Amino acid sequence: MQGFNQLNNNYTDFSNIPNPPSGKGPKKNGKKIAIILSIVAVVAALAVAAIIFIPKLLAPKKEDIQKAFQKSAENLADANPVLEDLGLNVMIKKFVSGGGNVEIEQKGLNLPYENILADFDSKNKAVSAFINDGSVEIYYKDKKLYYKQNPDMTGLYVIDSNVTEDNYEESYISDLYEFNGIRVNDIKSFSQVGSLDKEAIKEIVKKLIDDIEYKYDGTKKITLGSKSVKAKKYDMVLPKEKIRSTVKDIIKLYSSYDSDGDIAGGNYAEYLGQTLDSVIANDIVIEVYEYKGAIVALHTEYDINLFGETLNADLEIKCCGDNNIFSAVDASLLFTAEINGRKQSYEFYVGYDAYKDGSKDVTDVSVRVIENGSTNNETTLSYSYDTADDKVEFSVSDDNGRSMSLSGKVTEISKGSSLETRYDNAAGVPGINKFELTVGLSTDYAVEDVPSGETIVDFFTPSESEFKSILSKKMINELDRGGRFIDIEEDNEP
């Protein structure tokens, strides 16, 4: 599989990026940089979102491209022998359109659980999960997460994803550091992420995608792996004015959840408007190539103005398999800049390859970080299935010669409906000798509801007595001593 060309430049230090024009203190300059980086991040996210959501949100006149993206996804799955022979390509479609069941059992892996049973309903966005034969119960429904730990809780806590900053600040739990080994501030962050208005975000992105200018640019000859093909080229143009408006809308939506007004919050709204015109100075053009009814490549390039210096971002994705072009994909995100007269580059590369090696099906994913033309970090993940003896293996290796792997066998399979694999051999994994890990997947599912008659307590209640009302004396004592509940594992303290 062929990667992209790498730049061969001498290493230089990115710390030489000049500061903003003088006249304001370093603290404000730091926050200005943060604002610019946040804008760049949102722009990059929008480009990716445009690519991802095009199949779902394109206007009817763009149906040919919509079908081509869908065909590409199908071709990638069909060209993967691991997915095909294990029936996972069919199961994944059923998981997405309906739901599924996951069962995990383990011994000897030094984990705080021995078994997990979970059912999920993708259509209705609901989950029920039980850990250690029901020692822990978890339910998710209607954007609310319920939690119970048996036998030390007589009811369930509920974390509502619509919790506000005021709810949290006034809650009893806000004065604690940890809850059951998890930082309370992390639970708050989880709640706030869940409370973001996803429908509003979807509408903002949809509005931008509806404004995409769609242009046919004729037939172009492109190289895909070892083949040269003639593909139809389409330009998807995202107008700069629309991008600026979308970035403002997203940051405004985000800042409503940011009480401190940091980064792009209210305190910097005026500077944000001025900066957008400089950073987003051009339209984003995504070049899309269609071959035999499927998208086989896309490319976009963008220049970002940072304090008078130009940072070029170049994203390219290509199918490049030899026998089947969809059996391999190269993806590269390359940043280049000329700073103080010296050219510098930083590239993230991902390579995907699915192939057969005798009776063995193999899927490899390699990730590289390339700095000024030299690879300074590479990690390869590989999964294989041997159809001759049902052996499966997952391995991770890096460019320093380190590797680790887990291997076992397929113990049950009903192609497209259920699959069970059992791993019992490890190599190079620290702290693991004798172990057993069983993973079962099924398209049959039955999500359980929160049991009726149970006491439900708001996790962010301001009342200490209400918060503690469903806890055992042991848990209350533990909470009062250190702000930390017992772990899922058995605590032998009297």
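As the structure is a computational prediction, the values presented were derived from the model and not from experiment.
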Q: Kindly indicate, with the supporting measurements, whether the criterion side chain to side chain contact (heavy atoms under 4.5 Å, CB included) is fulfilled by E378 and S366.
A: CA-CA 7 Å; E378 181 173 5; S366 61; 4.2 Å; yes
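- Looking only at atom types and distance, the side chain of D78 has no donor-acceptor partner in the side chain of N75 under 3.5 Å away.
- When atom types are taken as modelled, the side chain of D121 and the backbone of N124 share a donor-acceptor pair closer than 3.5 angstrom.
- In this structure, the side chain of T443 engages the main chain of S417 through a donor-acceptor pair within 3.5 Å.
- There is a side-chain donor-acceptor pair under 3.5 Å between E301 and N312.
- In this structure, the side chain of T246 engages the main chain of K242 through a donor-acceptor pair within 3.5 Å.
- Atom CE of M236 and atom CD1 of I212 lie 5.0 Å apart (nearest 0.5 Å).
- Within the 4.5 Å cutoff, the side chain of I280 has heavy atoms near those of the V247 side chain.
- Across all their heavy atoms, G293 and K71 have their closest contact at O-CB, 3.4 Å.
- Formation of a donor-acceptor pair under 3.5 Å by the N400 side chain with backbone atoms of R402 is not found in this model.
- Paired with T438 under the rule side-chain hydrogen bond (donor to acceptor under 3.5 Å, both in side chains), one option of Q106, R422, E105 passes, and it is R422.
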Q.
I'd like to know whether D322 forms a side-chain hydrogen bond (donor to acceptor under 3.5 Å, both in side chains) with S226, so could you lay out the CA-CA distance, the side-chain angles of the two residues, the decisive distance to 0.1 Å, and finally the verdict.
A. CA-CA 6 Å; D322 289 331; S226 60; 3.1 Å; yes
Q | Audit row: K240, N282, side chain to side chain contact (heavy atoms under 4.5 Å, CB included) steps and yes/no | A | CA-CA 6 Å; K240 58 187 178 184; N282 305 298; 5.6 Å; no
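- Here the CD atom belonging to E393 is positioned 9.0 Å from the CG atom belonging to N425, to the nearest 0.5 angstrom.
- Between D364 and Y355, the side chains place a donor N or O and an acceptor N or O closer than 3.5 Å (distance only, hydrogens not considered).
- In plain terms, the two heavy atoms of T223 and G225 that are nearest each other are CG2-O, 3.5 Å.
- Counting all heavy atoms, side chain and backbone alike, Y352 lies closest to F326 at CE2-O, 4.3 Å.
- More than 12 heavy atoms of other residues, nucleotides or ligands shown are found within 6.0 angstrom of NZ on K220.
- Judged by distance alone, the side chain of S442 and the main-chain N or O of D444 form a donor-acceptor pair under 3.5 Å.
- In terms of heavy-atom proximity, M404 sits nearest to G428 at CB-O, 3.6 Å.
- Rounding to the nearest 0.5 Å gives a distance of 11.5 Å between CD1 of I295 and CD1 of I317.
- S128 and D119 form no side-chain donor-acceptor contact under 3.5 Å, judged by distance and modelled atom types alone.
- Nearest heavy atoms, A354 versus P81: CB-CD, 3.9 Å.
- For the pair K391 and S407, the minimum side-chain heavy-atom distance is below 4.5 Å.
- Atom-to-atom distance recorded for D389:CG and K360:NZ is 8.5 Å, nearest 0.5 angstrom.
- The 12-atom threshold is exceeded at NZ of K227, counting heavy atoms of other residues, nucleotides or ligands nearer than 6.0 Å.
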Q: Go through L441 and V102 one step at a time and tell me if the side chain to side chain contact (heavy atoms under 4.5 Å, CB included) criterion holds.
A: CA-CA 5 Å; L441 304 174; V102 179; 3.9 Å; yes
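- Here the NZ-CG distance, from K94 to L88, works out to 12.0 Å after rounding to the nearest 0.5 Å.
- Heavy-atom minimum distance, D283 versus Y302: O-CE1, 3.6 Å.
- Looking at N372, its side chain does come within 3.5 Å of a backbone N or O of S345 through a donor-acceptor pair.
- Counting only heavy atoms from C-beta outward, the side chains of V96 and S122 never approach each other to under 4.5 Å.
- For the pair V350/V365, a side-chain contact is recorded, criterion being any heavy-atom separation below 4.5 Å from C-beta on.
- Side-chain contact of S332 with E347: a donor-acceptor pair under 3.5 Å is present, judged by distance alone.
- At least one side-chain heavy atom of L109 sits less than 4.5 Å from a side-chain heavy atom of L437.
- Taking 4.5 Å as the limit, some side-chain heavy atom of V288 sits within range of a side-chain heavy atom of I286.
- No more than 12 heavy atoms of other residues, nucleotides or ligands sit less than 6.0 Å from atom CG of N323.
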Q: Report the C-alpha separation of H299 and E316 in whole Å, then their side-chain angles, then the decisive distance to 0.1 Å, and conclude whether the side-chain hydrogen bond (donor to acceptor under 3.5 Å, both in side chains) test is met.
A: CA-CA 4 Å; H299 173 258; E316 186 170 18; 5.2 Å; no
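- Between K93 and N89, the closest side-chain pair of non-hydrogen atoms is not below 4.5 Å.
- Applying the ring pair (Phe, Tyr, Trp, His ring centres under 6.0 Å) test to Y423 and every residue at least two apart in sequence or in another chain returns nothing.
- Ionic pairing of D361 and K356 is present here: one or more N-O contacts between side-chain nitrogen and carboxylate oxygen are shorter than 4.0 angstrom.
- For the 3.5 Å distance criterion, the side chains of T363 and N80 qualify, holding a donor opposite an acceptor.
- Ring to ring, Y214 and Y234 are close: their centroids are under 6.0 angstrom apart.
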(Q) The test is side chain to side chain contact (heavy atoms under 4.5 Å, CB included); show your working for L311 and D303 and say whether it passes. (A) CA-CA 6 Å; L311 174 68; D303 287 332; over 6 Å; no
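- Between F394 and Y383, the ring-plane angle classifies as tilted under the 30° and 60° cut-offs.
- Between the side chain of K123 and the main chain of S97, no donor-acceptor pair closer than 3.5 Å is present.
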(Q) Could you go through S359 and D386, starting from their C-alpha distance and side-chain angles, then the distance that decides it, and tell me whether this counts as side-chain hydrogen bond (donor to acceptor under 3.5 Å, both in side chains)? (A) CA-CA 6 Å; S359 62; D386 196 324; 2.7 Å; yes
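- By the salt bridge (charged side-chain N to carboxylate O under 4.0 Å, His left out) test, D217 pairs with K233, sequence neighbours left out.
- You'll find the side chain of V410 reaches within 4.5 Å of the side chain of Y385, heavy atoms only.
- Atom-to-atom distance recorded for T411:OG1 and E420:CD is 3.5 Å, nearest 0.5 angstrom.
- Atom NZ of K125 has 12 or fewer neighbouring heavy atoms from other residues, nucleotides or ligands inside a 6.0 Å radius.
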